[in-house]
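Notes for the one structure printed next.
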Amino acid sequence: MGAKRIVIAIDGPSGSGKSTVARAVADGLGYLYIDSGAMYRVVALRVQEEGIAPEEGARVAECAARLTIKLEKRAQSIRVLVGDRDVTDAIRQPQVAQAASVVAAIPAVRALLVAQQQQMGAGGGIVMEGRDIGSVVFPRAELKIFLDASSEERARRRHQEQAEQGIESSLEKTQAEIRQRDQRDRERQVSPLVQAPDAVYLDATSLSAGEVADVIVCLAQKREQAAESALPA
Ligand code: DC
C-alpha cells in the first residue's frame, strides 16, 4: 500500500502566492486543490448582485445558505460554479475581493462555509488554502504551512496577476487594497488570520512559487510516511 493521503493546510495573507503554490503542490502529489477564498468571494458576488450590503450579517448569511458552490477541475483550470453558473472570472474583480473580506467576518457565513470545507476534505488527499485552514477548518491537518511575503512583494504580484487578467489598477491602488484587506482579515473577531502554533512558516519574498512548492512537497512526503507508520497494522 502507498503512503497515507494527508490534509495539507496553506494559510497566509493576500498575495503571498498561496494559490499558485497550493495548486503546484496538489499536482505534485496527485491531491485535490481547494481554494477556500473562492467560496467567500462567491458569497460576496451574489450579495452584490442581490443588492445586499456586505455588512448586513443576517441577510448575507441567508443569501449564503441558499447557494450551492462547487469547485470543479476541468483540464488545466479549476472552475468555480454557483449552481450551474460559472463565476470563475467574475469573483476575481477587486471590488468582489474587498466585499469578500467583509462577508468573511460574519460568524454565520464562516460556520456555513467551514462546514462545507470540512466535508470536502474529509477523506484526506487535499491541499486547502485560505486564512483559517490550519487554525479552524483542519486543526488536526498533518501538514500546516503559513506562507508569507513582504507587503511590497505581495502587492507587486497581485498587481501583475490583475494585469494578466485584464483588470486595470495602479500598483499604489493595489497596495492600498491589500493593506486594507490584510487589516480586516487579521483583526476580525472570528477566525482571524493567524499562524497556527504547529505551522511551518515560509517566507516567499525571494523564492519562486516552484521553489516554495518543492519545499512543501518534500515536507508532505515525510508527513505522509509518518502518518502511514502511525496507522495500526
Ligand atoms: O484568498 P482570497 O483573496 O481569495 O480570499 C478572499 C477573502 O476571503 C479574503 O479577504 C479573506 C477571506 N478568507 C477567509 O476569511 N478565510 C478563508 N479561509 C479564505 C478566505
Side-chain angles (χ1 to χ4, degrees), residues 7-23 33-48 54-55 57 60-61 64 67 69 71 78-80 82 87-121 126-139 141 144-149 151 154-155 157-162 165 167 169 174-196 199 204 209:
V7 171
I8 303 174
I10 304 184
D11 292 299
S14 320
S16 55
K18 294 189 303 291
S19 301
T20 316
V21 165
R23 235 175 263 229
Y33 159 69
I34 299 171
D35 170 7
S36 67
M39 301 171 75
Y40 292 94
R41 286 172 181 260
V42 169
V43 173
L45 175 72
R46 288 299 302 129
V47 157
Q48 282 188 338
E55 294 82 9
V60 174
L67 305 177
I69 304 171
L71 306 173
I78 311 276
R79 308 308 295 179
V80 182
V82 55
V87 293
T88 314
D89 298 326
I91 61 167
R92 293 296 147 198
Q93 294 297 326
Q95 70 273 21
V96 175
Q98 288 300 323
S101 80
V102 179
V103 304
I106 301 169
V109 172
R110 298 205 73 83
L112 189 84
L113 297 188
V114 165
Q116 293 176 13
Q117 290 153 8
Q118 286 171 333
Q119 221 164 24
M120 290 172 173
I126 59 146
V127 181
M128 192 177 290
E129 55 129 325
R131 306 291 188 291
D132 61 338
I133 310 305
S135 56
V136 175
V137 183
F138 291 111
K144 300 178 185 177
I145 304 291
F146 192 88
L147 191 60
D148 207 354
S151 62
R154 293 191 288 115
R157 287 181 194 172
R158 186 47 57 93
H159 183 246
Q160 190 181 343
E161 210 175 85
Q162 286 174 338
Q165 291 166 345
I167 299 169
S169 184
T174 307
Q175 210 151 17
E177 283 167 356
I178 285 221
R179 214 170 292 131
Q180 201 183 9
R181 218 141 64 87
D182 272 359
Q183 191 179 1
R184 249 196 314 255
D185 294 341
R186 287 181 196 271
E187 293 178 1
R188 67 175 174 236
Q189 297 278 313
V190 260
S191 314
L193 169 66
V194 283
Q195 182 183 342

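We count ligands from 1, going down the list as the structure has it; atoms in each ligand are counted the same way. All residue numbers refer to positions in the sequence shown, counting from 1.
In this structure, atom 8 (O) of ligand 1 lies nearest to the protein heavy atom Y40 CB, 3.6 Å. In this structure, the protein non-hydrogen atom closest to atom 19 (C) of ligand 1 is S36 OG, 3.4 Å.
Contact of the R186 side chain with the P13 side chain is registered, since non-hydrogen atoms from C-beta on lie closer than 4.5 Å.
In the candidate list Q117, R131, R186, R188, R131 is nearest to atom 1 (O) of ligand 1, counting heavy atoms. In the candidate list R181, R110, R92, R110 is nearest to atom 15 (O) of ligand 1, counting heavy atoms. Proximity annotation for atom 20 (C) of ligand 1: of G37, S14, P13, G37 comes nearest, heavy atoms only.
Under 3.5 Å, the side chains of S19 and E129 contain a donor-acceptor pair of N or O atoms.
Backbone and side-chain nitrogen or oxygen atoms of R41 are examined, and one is located within less than 3.5 angstrom of a nitrogen or oxygen of ligand 1. Checking only distances, R158 never comes within under 3.5 Å of ligand 1, N or O to N or O.
To the nearest 0.5 Å, the span separating CG on L147 from CD on Q195 amounts to 11.0 Å.
Taking every heavy atom of S101 and a limit of under 4.0 angstrom, the matching atoms of ligand 1 come to 10 (O). Taking every heavy atom of D132 and a limit of under 4.0 angstrom, the matching atoms of ligand 1 come to 16 (N), 17 (C), 18 (N). Shown in contact with A104 at under 4.0 Å from a heavy atom are these atoms of ligand 1, numbered in order with element: 12 (C), 15 (O).
The environment of Q95 atom CD is dense: over 12 non-hydrogen atoms of other residues, nucleotides or ligands sit within 6.0 angstrom. Heavy-atom contacts from other residues, nucleotides or ligands closer than 6.0 Å to CD of Q119 number 12 or fewer.
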Trace of the salt bridge (Lys or Arg N to Asp or Glu O under 4.0 Å) decision for R41 with D35: CA-CA 10 Å; R41 286 172 181 260; D35 170 7; over 6 Å; no
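Closest approach of R157 and A149 over heavy atoms only: NH1-CB, 4.4 Å.
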